[in-house]
Amino acid sequence: MSVRTRFAPSPTGYLHVGGARTALFSWLFARKHGGSFVLRVEDTDEARNTPEARDAIFSGLKWLGLDWDEGEGKSGDYGPYNQSERRANYDPWFEVLREKNRVYEHDGAWRFRFERKPVTMHDLVCGEVTIDYRDESNTPDMVIRRSDGSYVFHFVNVVDDLDMRITHAIRAEDHLMNTPKHLQLFEALGAPAPQYAHIPLILNPDGSKMSKRDVGAALGDYSRQGFLPSAVVNFLALLGWSPKSDEEIFTLDELVARFSLEAVNRSPSRFDAEKCAWVNQQHLLKLDSAAFAEAAKPFAQAAGLPVDGDYPAAAALVREKVRLLSEVPAAIHFLLADSFDLDPEAVEKVRANPAAKDLLSALADDFGKLADWSAEAAKHQIGETAKAAGAKPGQLMFPVRVALSGKSGGPDLGDILALLGRDRCVARLRASTGKIG
RNA sequence: GACCCGUUCGUCUAGCGGUUAGGACUCUGGAUUUUCAUUCCAGCAACAGGGGUUCGAUUCCCCUACGGGUUGCCA
C-alpha cells in the first residue's frame, strides 16, 4: 500500500509558520516514500472561514514549493476535498455508529460513547502514549454532531482520513490528546486508523506559544521581508528535525532524500529570526548573479529604483553583502540614483585623516586625465596618487569609498569604480570632497 | 485543578552507559583581503534539581521544579 499523507488546514487566518512546517513534514514524508500528498480544507466553521485565508493557504504552499497531488485545482479519486462539500460522505458513517449504539442524543446534539478502557497509541514521533478512558471525568463522551445537524471536527477528520485512505497523519502536537479519541472512532467504525505522528510546536523567541500576531508567525511575511522560499523551507525543516550530521543547508530535494520521522524531535523549539536570516544568506549565495538580480527586482521596484540599465550589474555587486533581499535597495541606491546622502559617521572617519581632503582633490584631477578606465586602472591610479602625496594606498581607499557611495561599507571598491565610470567618479569625488571639507 | 508531552551552550541541535559533551546561529578576538564583504582560525557558553540502578550516568527508573499541550455543540 502506498503512502498517503495530508495537510488539513482550516481557512480561518493566514498560513501560520507552524502550519507550514506541518505541511512541509507531511509533504517530505510523502515524497520520500513515493506517495501522495493530499490537501484537504477543513472549512466546517462557517463563521470563521474567509476566502482570503483559503488563498493564503494555497499561495503559501505554492511559494514554498509544496505541490499537492489531490485537492484544490487537482483531480483526485477521493474528493471533494473541501469538508463543506462532503456532507453526503458523513451521514452513512454516522448511521454505522447509530446502529452500533455508539452514539446517543443529548440536548439535541449527538455524543459518541467512548469505550471505557485504556487506549494506547503508537505515535511515530512520541512513541507509546496511553490515556485511560475509564476515568470518565477526564474523558467525557464527545459531541460529534451538533444540534444543527452539522458534524464536529473529530468525526469529519476521522471519516475523511478513512475515506481518503490516508496512511500517515502527520500533525502538530496540540492534537496529541485528540488521537485516542480518533482511535476509538476508527475502532467503532470498524476501520483501520492511519499511523499518527505528532510534531512539536514552534514557540516564540521568549518561549511562549507562537500564535497569530506574533512576529514571524505569518508565512506571507517572509516573502515580503526578502526571504527565499528555499531558505524558509530549509530553516523550518531544522526546527524539530535534524539531519543527524553537521550539514545545515539543504535544497528541497536534499531534504526529501534525508527526511525521516525517526529524526523528528519531541520537544518544542523557538523561532530564531537571526539564524533564519543566516540560512537565507546561504541560499542567496547559491544564486548566480542573474537569478539574484531577478529575485531582488520586486524590492528595487518597490523602493522606486530603476530596474533596467545598470540594475542587474549593481545588484550583482551586493549579492554577497546582504542577508535579506529587502536590504538590496538601500545597498545599491547610490549606484543607480543621481544623488545620495553622506553617512555622518563615515564622514567623521574620513575627517580623522587631515590629508584625506587633499588626496581626494588630487585623485579627482588624476582621474580626469586617465585615458583608459577600468577597475584595475582606477585602483592603480589611487595607489599612484597616494604615493605622489607620500601616503599609503590604503589611506586613500576608504575616503574614496565614502566619497563615491556615502557609506563606509558596500561593494568592492573596484566594482564601484568600474560601474560608475570615470566621469561620474570624478564628479562625485569633487562634490563629496566639498561636503567633507 | 486533572490528564498528557517535553527539559543538552542565550537560540537550533548531535549524543542513544565510559566523549577533552560535537556542530551551527549570535557575540568577542585574530588571519587573509592595499577598501567592503566573503572565507579561515581561535575564544566565550550547556547536560534543570534531587534520589536511585550500575564499577560507571547527559544517556535507564522515580520524585520535584519549570515549559508546553489538552480539558468546546473551534479546528
Side-chain angles (χ1 to χ4, degrees), chain A residues 8-13 42-45 47-49 83 106-111 121 123 125-127 129-133 135 137-140 142-154 156-157 171-181 198 200-203 205-209 235 237-249 263 265-279 281-282 285 317-322 331 379-380 382-383 386 392-402 404-405 407-417:
Chain A
S10 59
T12 55
E42 305 212 332
D43 55 350
T44 53
D45 188 345
R48 295 197 301 153
N49 293 341
Q83 272 183 345
H106 178 75
D107 288 338
W110 289 81
R111 284 180 186 273
M121 52 184 141
D123 190 273
V125 172
C126 300
V129 180
T130 301
I131 304 297
D132 194 345
Y133 276 73
D135 177 4
S137 66
N138 191 43
T139 57
M142 64 178 173
V143 170
I144 62 168
R145 183 171 160 157
R146 304 184 185 90
S147 48
D148 67 1
S150 63
Y151 293 101
V152 169
F153 160 74
H154 296 105
V156 294
N157 185 267
R171 42 160 57 154
E173 201 193 87
D174 52 357
H175 282 296
L176 190 62
M177 298 300 280
N178 289 152
T179 302
K181 300 177 183 175
H198 291 86
L201 265 18
I202 296 179
L203 271 25
D206 68 357
S208 61
K209 186 191 179 184
F235 181 70
L238 258 20
L239 246 34
W241 171 81
S242 165
K244 306 291 184 187
S245 76
D246 289 345
E247 297 154 276
E248 293 194 297
I249 302 304
N265 275 158
R266 297 173 69 170
S267 55
S269 46
R270 305 181 188 204
F271 191 92
D272 183 0
E274 281 296 323
K275 182 141 189 181
C276 190
W278 175 80
V279 171
Q281 183 181 28
Q282 300 307 305
L285 254 18
L317 299 191
V318 298
R319 187 176 67 96
E320 292 181 353
K321 323 283 178 185
V322 300
K379 282 206 288 188
H380 179 71
I382 291 174
K392 288 178 184 172
Q395 286 181 289
L396 187 47
M397 305 274 295
F398 184 77
V400 172
R401 167 181 293 285
V402 174
L404 295 179
S405 72
K407 298 182 290 189
S408 57
D412 177 80
L413 186 54
D415 290 337
I416 295 174
L417 291 162

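Lettering of chains follows the sequences in order, A, B, ..., and the numbering in each one begins at 1. Every value quoted in this text rests on a predicted model; they were computed, and no experiment measured them.
Here the separation of B/C41 from B/U26, taken at their P atoms, is 15 Å to the nearest Å. For the P atoms, the distance from B/U11 to B/C55 is 36 Å, rounded to whole Å. For B/C62 and B/G10, the C1' atoms lie 31 Å apart once the distance is rounded to whole Å. Atom name P, nucleotides B/C25 and B/U39: the rounded distance is 9 Å, in whole Å. B/C47 and B/G30: their P atoms are spaced 30 Å apart (whole Å). A distance of about 26 Å separates the P atoms of B/G23 and B/A57, rounded to the whole Å. Taking atom C1' in both B/C40 and B/G50, the straight-line distance is 45 Å, to the nearest Å. For the C1' atoms, the distance from B/G67 to B/A48 is 11 Å, rounded to whole Å.
The interatomic distance linking A/L396 (CG) with B/C36 (P) rounds to 14 Å, in whole Å. When the P atom of B/C5 is taken as reference, atom CZ of A/R171 falls 16 Å away, rounded to whole Å. Between the CZ atom of A/R145 and the C1' atom of B/C74 there is a distance of 19 Å, rounded to whole Å. Between the CZ atom of A/F398 and the C1' atom of B/U33 there is a distance of 16 Å, rounded to whole Å. Across the protein-nucleic acid pair, A/H380 atom NE2 and B/U35 atom P stand 18 Å apart, rounded to whole Å. Taking atom NE2 of A/H106 as the reference point, atom C1' of B/C73 lies 10 Å away to the nearest angstrom. Taking atom CG of residue A/D45 and atom P of nucleotide B/C73, one finds them 13 Å apart after rounding to whole Å. A/F235 places its CZ atom 13 Å from the C1' atom of B/U26, with the value rounded to the nearest Å.
Nearest heavy-atom pair, A/E248 versus A/K275, reported as atom, atom and distance to 0.1 Å: OE2-NZ, 2.8 Å.
Ranked by how close their nearest RNA chain B nucleotide is to the 5' end, A/V129 and A/E320 are led by A/V129. When each of A/C126 and A/L238 is assigned the nucleotide of RNA chain B with its nearest heavy atom, A/C126 is the one assigned upstream, toward the 5' end.
Out of B/A75, B/C4, B/A14, the shortest distance to the side chain of A/R146 is found at B/A75. Closest contact between the side chain of A/M397 and the listed nucleotides B/U35, B/C5, B/A75 involves B/U35. Proximity note for A/W278 (side chain, C-beta onward) versus B/C74, B/U26, B/A14: the nearest is B/U26. When distances are taken from the side chain of A/E42 to each of B/A75, B/U35, B/U11, the shortest belongs to B/A75. When distances run from any side-chain atom of A/N265 to the nucleotides B/C12, B/U34, B/A14, the shortest one goes to B/A14. Checking B/A75, B/U35, B/C12 against the side-chain heavy atoms of A/R48 singles out B/A75 as nearest. Of the candidates B/A75, B/A24, B/U34, the closest approach to any side-chain atom of A/K275 belongs to B/A24. In the set B/U26, B/A75, B/U35, the nucleotide with an atom closest to the side chain of A/V152 is B/A75. Checked against B/C12, B/C5, B/C3, the side chain of A/I131 finds its nearest nucleotide in B/C3. Among the nucleotides B/G23, B/A75, B/C25, the one closest to the side chain of A/E248 is B/G23.
With hydrogens and angles disregarded, no donor-acceptor distance shorter than 3.5 Å links the side chain of A/D45 to the backbone of A/T12. The backbone N or O of A/G127 lies less than 3.5 Å from no partner atom in the side chain of A/R266, so there is not a single donor-acceptor pair. When atom types are taken as modelled, the side chain of A/D415 and the backbone of A/L317 share no donor-acceptor pair closer than 3.5 angstrom. In this structure, the side chain of A/N265 does not engage the main chain of A/S267 through any donor-acceptor pair within 3.5 Å. Between the side chain of A/R319 and the backbone N or O of A/L285, at least one donor-acceptor pair lies under 3.5 Å. Within the 3.5 Å criterion, the main-chain N or O of A/Y151 finds a donor-acceptor partner in the side chain of A/R146.
Distances shown here put every side-chain N or O of A/T130 at or beyond 4.0 Å from the OP1 or OP2 atom of B/C4. Side-chain nitrogen and oxygen atoms of A/T12 include none within less than 4.0 Å of the OP1 or OP2 phosphate oxygen of B/C74. Applying the 4.0 Å criterion to OP1 and OP2 of B/U7, one finds that A/R266 has every side-chain N and O outside that range. Of the side-chain N and O atoms in A/K244, none sit less than 4.0 angstrom from OP1 or OP2 of B/U13. Listed pair A/R111 / B/C73 meets the phosphate criterion, a side-chain N or O lying under 4.0 Å from OP1 or OP2.
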Is there a side-chain contact (heavy atoms from CB on, under 4.5 Å) between A/V400 and A/I416? Walk through the geometry before answering.
CA-CA 10 Å; A/V400 172; A/I416 295 174; over 6 Å; no

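A/K392 comes within contact range of no nucleotide atom at all, as no heavy-atom separation falls under 4.0 Å. Nucleic acid contact for A/S408: sugar-phosphate only, since backbone atoms but no base atoms lie under 4.0 Å from a heavy atom of the residue. Within 4.0 Å of A/G240, counting heavy atoms only, lie sugar-phosphate atoms of the nucleic acid but no base atom.
Side-chain atoms of A/S147 and base atoms of B/C73 include a donor and an acceptor less than 3.5 Å apart.
Side-chain contact between A/N178 and A/K181 is present, with heavy atoms from C-beta onward closer than 4.5 Å.
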With the sugar-phosphate defined as primed atoms, P, OP1 and OP2, and the base as all remaining atoms, what B/S/- string results for nucleotides 60-71 of chain B, 5' to 3', for protein heavy atoms under 4.0 Å?
--------SBS-

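Using modelled atom types and a 3.5 Å distance limit, the side chains of A/S137 and A/D135 yield a donor-acceptor pair. In this structure, a donor-acceptor pair under 3.5 Å is present between the side chains of A/R171 and A/T179.
Nucleotide B/U20: unpaired (no Watson-Crick or G-U wobble partner with both distances less than 3.5 Å). For B/A57, there is no paired base (Watson-Crick or G-U wobble, both distances below 3.5 Å). In a base pair of the Watson-Crick type (N1 to N3 plus N6-O4 or O6-N4) or a G-U wobble (N1-O2 and O6-N3), with each distance short of 3.5 Å, B/U39 is matched with B/A31. Using N1 to N3 plus N6-O4 or O6-N4 for Watson-Crick, or N1-O2 and O6-N3 for G-U wobble, each under 3.5 Å, B/C66 pairs with B/G6.
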